[in-house]
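These notes are about the structure you will find just below.
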Amino acid sequence: MTVVDLQRVPSSAPQTNGKVVNNFSFVVATANGTGSQTSNNTLIRTLFKMGIPVNGKNLFPSNIKGEPTWYYMRLSKDGYLAHRPVAEVLVAFNERTFAQDVAKLPPGGVLIYPIDDTDARAPKWNVQTIKRDDIYIYRMPVDTLMNQLPEKPNPSIREYLANMVYVGVMAYLFNIDMDGIRDALSYHFGGKEKLINLNFGLVQMSYDWAAENLKKEDPYVCEPMEGTFPEGTLLTDGNSAGGLGAVFGGVQFVSWYPITPSSSLAESAQEYLGKYRVNEDGSHTYSVIQAEDELAAIGMAIGAGWAGARAMTGTSGPGISLMAEFVGLAYYAEIPVVIWDVQRVGPSTGLPTRTSQGDLLFAYTLGHGDTHHIVLLPKDPTECFEFGWRAFDYAEQFQTPVFVLSDLDIGMNMHITERFQYPDQPMNRGKVLDAKALSEFIEKHGKWGRYWDVDGDGIPYRTLPGTDHPMAAYFTRGTGHDEFAAYSEDAEVFERNLTRIARKFQTVRKSLPAPVLHSMDGASIGIISYGSNDPAIEETRDYLAAQDIKSDYLRIKALPLHADVEAFIQRFDRVYVVENNFDGQMTQIIRMELPHLAARLKKVCRLNGLPLDADWITEQIVKAEKES
């Protein structure tokens, strides 16, 4: 069978010496639950091993099976790793979205789709004739190739296995390394030769068929790049990194309730704990509990933190809503606990499988009354790992809940990221008094009170349950209390306690990770952002500079705001705050804490469920600059 009837594209397709090398995007359109994740992960791992800067964005539905799924892979020889909503190459494996997917292809794009075995020119499905004369088209006989396998696959996996056909065809058309594909399959299947051989056999068969039957006409090609990444560079997701970071942070207790997109965080922590935190006799040094709901999960974690364990839970926005009252208790009773919020789109159920930064303001002030929390804002899996262990130090040092605000894009998508660094300091358990230290404290100060600030930093000393000292016990309460944990409704005592906690958070402000500043000569505007927006901001700054708009960029890594944020804003008349939420929540926080600088801030915010892209950000800033 020969399939070479390719529609010609205009000569205006972007080319360099007849080729577009490592500077385009793939999108694979399938249906959820059909096994394409294995194929797509195989491709992105192979491209990464070829040294090509690449990212993957999985746009999947919230049902179990059948709804449309798109997987974007952006290749960028210049190292841009932000989402790019346009893809030059479409692998169309979903009948329901075939027409709209083809319509989105840019001129000069490539369409790859299954053919009907009885008619080499017809799509596999009952779709209308493709009315595009400006794209390249390649067709592949998926069923025919499946039927030629020497060993017939189990019917239960046939649909999953069929995706390997497009892997093989893409490998031929775009010069994707076949040895790398086999290595990626070996990694995915944990070295299980039968599964590796079955999948790679179909990849090889499809590659050979394409080499014999398809004539390469389009300009897009993948070529290996040498020395692209520093030694130790990783391709991983943020949830796996955060789970591993928690292990390095000495986590002893994990309670969680399943919710997309955070479930794999707890699952990863449990997997790593099972490997690295088991004694020689087989006993564990940790406990992981799947609770009956988010209320139980946070209650268990706070109880474990009160008892002296390093405790964490993980959830997403709806779970945070349920945890509000318990978190307020931990804030006021000053109990350490770590809470991961892998954000998704709200309000309400919203878009459960899309990304956003919509919980920032909520997490920062969670709880009724005057509450503020430590919030860490990782930009990639490397920082998820780092904050995975640092969060426990902050929680115990400051005796308070600590939120790590990741999002679906960081947590569930594959990212090229720097190697993880082993913790550079011993665990900081903060002001904990054992029996000996408590005796010395009382000898020096004449007494001890659980909420008594003797150092002037707002942070009291605590004891742990079971401390063998007659003065170690105290009553933990969320009601009004004095320095010695005694119940009090006295107005002066209550105000004094809140003032001390506020003083503690001034100490916190000076101790959290400082913002990261990226400067260029002649900058006329400032840009502030945080979290997963970082790669889009870096790309945006290059695009703006090409239009003679030079910028300095401050990436906020934590709340409360560091003093550097105020100093940065004071340098510019206009500072654009870029966020993946609808209301501009970081803008609101900065205006609330720095009201004298409010007029300088310009919101650049959007919420459509997708990661921010540099083209859109650039367009918004250029438009605003022209208007100013």
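Values in this document were obtained by computation on a predicted structure and should not be read as measured data.
- Side-chain atoms of R390 do not come within 3.5 Å of backbone N or O of F385 as any donor-acceptor pair.
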Going through the checks in order, is the side-chain contact (heavy atoms from CB on, under 4.5 Å) test met by M140 and L173?
-> CA-CA 12 Å; M140 50 188 173; L173 288 173; over 6 Å; no
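- Put simply, the side chain of D237 gets close to the backbone of S240: a donor and an acceptor are under 3.5 Å apart.
- In terms of heavy-atom proximity, S316 sits nearest to R344 at OG-CG, 3.3 Å.
- Between M73 and the options I52, V27, L43, N55, a side chain to side chain contact (heavy atoms under 4.5 Å, CB included) holds for only L43.
- Heavy atoms of other residues, nucleotides or ligands lying less than 6.0 angstrom from CD of E418 number 12 at most.
- A donor atom on one side chain and an acceptor atom on the other are found under 3.5 Å apart for N40 and Y166.
- What you find for S62 and P352 is that their closest heavy atoms are CB-CG, 3.9 Å.
- Evaluation of the salt bridge (charged side-chain N to carboxylate O under 4.0 Å, His left out) rule for E619 yields no partner, not counting sequence neighbours.
- The closest side-chain heavy-atom distance from F200 to S186 is not below 4.5 Å.
- Contact annotation: the side chain of P224 never approaches that of D177 to less than 4.5 Å [non-hydrogen atoms, C-beta and beyond].
- For the pair R354/L408, no side-chain contact is recorded, criterion being any heavy-atom separation below 4.5 Å from C-beta on.
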Could you check M414 against F48 for side-chain contact (heavy atoms from CB on, under 4.5 Å), going step by step and ending with a plain yes or no?
-> CA-CA 11 Å; M414 303 288 279; F48 168 65; over 6 Å; no
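- Atom CD1 of residue I320 and atom CG of residue L405 lie 7.5 Å apart, to the nearest 0.5 angstrom.
- The closest donor-acceptor contact from the side chain of E579 to the backbone of Q585 lies under 3.5 Å.
- In terms of heavy-atom proximity, R132 sits nearest to P107 at NH2-N, 3.9 Å.
- Of the inter-residue distances, the one linking C605 atom SG with D583 atom CG reads 7.0 Å to the nearest 0.5 angstrom.
- When all heavy atoms of P61 and P68 are compared, the closest pair comes out as CD-O, 3.2 Å.
- One distance of note links OG of S532 with NZ of K379; it measures 11.0 Å at 0.5 Å rounding.
- Residue-environment remark: OH (Y543) exceeds the threshold of 12 foreign heavy atoms within 6.0 Å.
- Atom CG of residue L161 and atom OG1 of residue T34 lie 12.5 Å apart, to the nearest 0.5 angstrom.
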Trace of the side-chain contact (heavy atoms from CB on, under 4.5 Å) decision for L607 with N580 = CA-CA 6 Å; L607 181 60; N580 195 350; 4.0 Å; yes
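- Within the 3.5 Å criterion, the main-chain N or O of Y160 finds a donor-acceptor partner in the side chain of N163.
- Put simply, the side chain of I115 reaches to within 4.5 Å of the side chain of P141, judged on heavy atoms.
- R555 places no side-chain N or O within 3.5 Å of a backbone atom of D534 that could act as its donor or acceptor partner.
- Once rounded to the nearest 0.5 Å, the distance linking CG of D407 with OG1 of T355 reads 3.5 Å.
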Side chain to side chain donor-acceptor pair (under 3.5 Å) assessment of T42 paired with H188 = CA-CA 8 Å; T42 296; H188 179 82; 5.8 Å; no
Can you check side chain to side chain donor-acceptor pair (under 3.5 Å) on T260 and T353, steps first, answer last?
-> CA-CA 7 Å; T260 301; T353 58; over 6 Å; no
Verdict with supporting geometry, E67 and R96, salt bridge (charged side-chain N to carboxylate O under 4.0 Å, His left out) = CA-CA 9 Å; E67 292 300 311; R96 284 179 57 187; 3.3 Å; yes
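- V89 has its side chain out of reach of Y136: every pair of non-hydrogen atoms, C-beta onward, lies at least 4.5 Å apart.
- Between F189 and T38, the closest side-chain pair of non-hydrogen atoms falls below 4.5 Å.
- W70 and D101 share a donor-acceptor pair across their side chains, judged by distance under 3.5 Å alone.
- Of all heavy-atom pairs between L90 and A29, the closest is CD1-CB, 4.2 Å.
- Here the two rings, on F26 and F174, have centers that are under 6.0 Å apart.
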Passes salt bridge (charged side-chain N to carboxylate O under 4.0 Å, His left out), R419 versus E386? Steps please.
-> CA-CA 11 Å; R419 73 182 303 166; E386 179 188 350; over 6 Å; no
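- Under the salt bridge (charged side-chain N to carboxylate O under 4.0 Å, His left out) criterion, D409 pairs with K57, sequence neighbours left out.
- There is a side-chain donor-acceptor pair under 3.5 Å between Q357 and N533.
- A donor-acceptor contact closer than 3.5 angstrom links the side chains of R139 and Y113.
- Here the OH-CZ distance, from Y272 to F248, works out to 10.0 Å after rounding to the nearest 0.5 Å.
- Under the 4.5 Å side-chain criterion, counting only non-hydrogen atoms from C-beta, C222 is in contact with F24.
- Contact annotation: the side chain of V91 approaches that of M170 to within less than 4.5 Å [non-hydrogen atoms, C-beta and beyond].
- In this structure, the side chain of N22 engages the main chain of E223 through a donor-acceptor pair within 3.5 Å.
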Candidate pair D143 and R158, rule side-chain contact (heavy atoms from CB on, under 4.5 Å), full reasoning = CA-CA 10 Å; D143 291 337; R158 181 182 173 90; 4.3 Å; yes
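- By the neighbour-count criterion of 12 heavy atoms within 6.0 Å, atom CD of E538 is densely surrounded, having more than that number from other residues, nucleotides or ligands.
- Applying the side chain to side chain donor-acceptor pair (under 3.5 Å) test between Y80 and each of D542, T540, N23 identifies D542 as the sole match.
- Between L610 and N608, the shortest heavy-atom contact is N-OD1, 3.0 Å.
- Side-chain N or O atoms of Q290 include none that pairs as donor or acceptor with a backbone N or O of Y257 at under 3.5 Å.
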Salt bridge (charged side-chain N to carboxylate O under 4.0 Å, His left out) between R84 and E539: does it pass, once the steps are laid out?
-> CA-CA 11 Å; R84 181 170 173 264; E539 187 175 355; over 6 Å; no
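- For the pairing with T233, the side chain to side chain contact (heavy atoms under 4.5 Å, CB included) check across I416, T382, T417 returns one residue only, I416.
- N197 and R182 share a side-chain donor-acceptor pair at under 3.5 Å.
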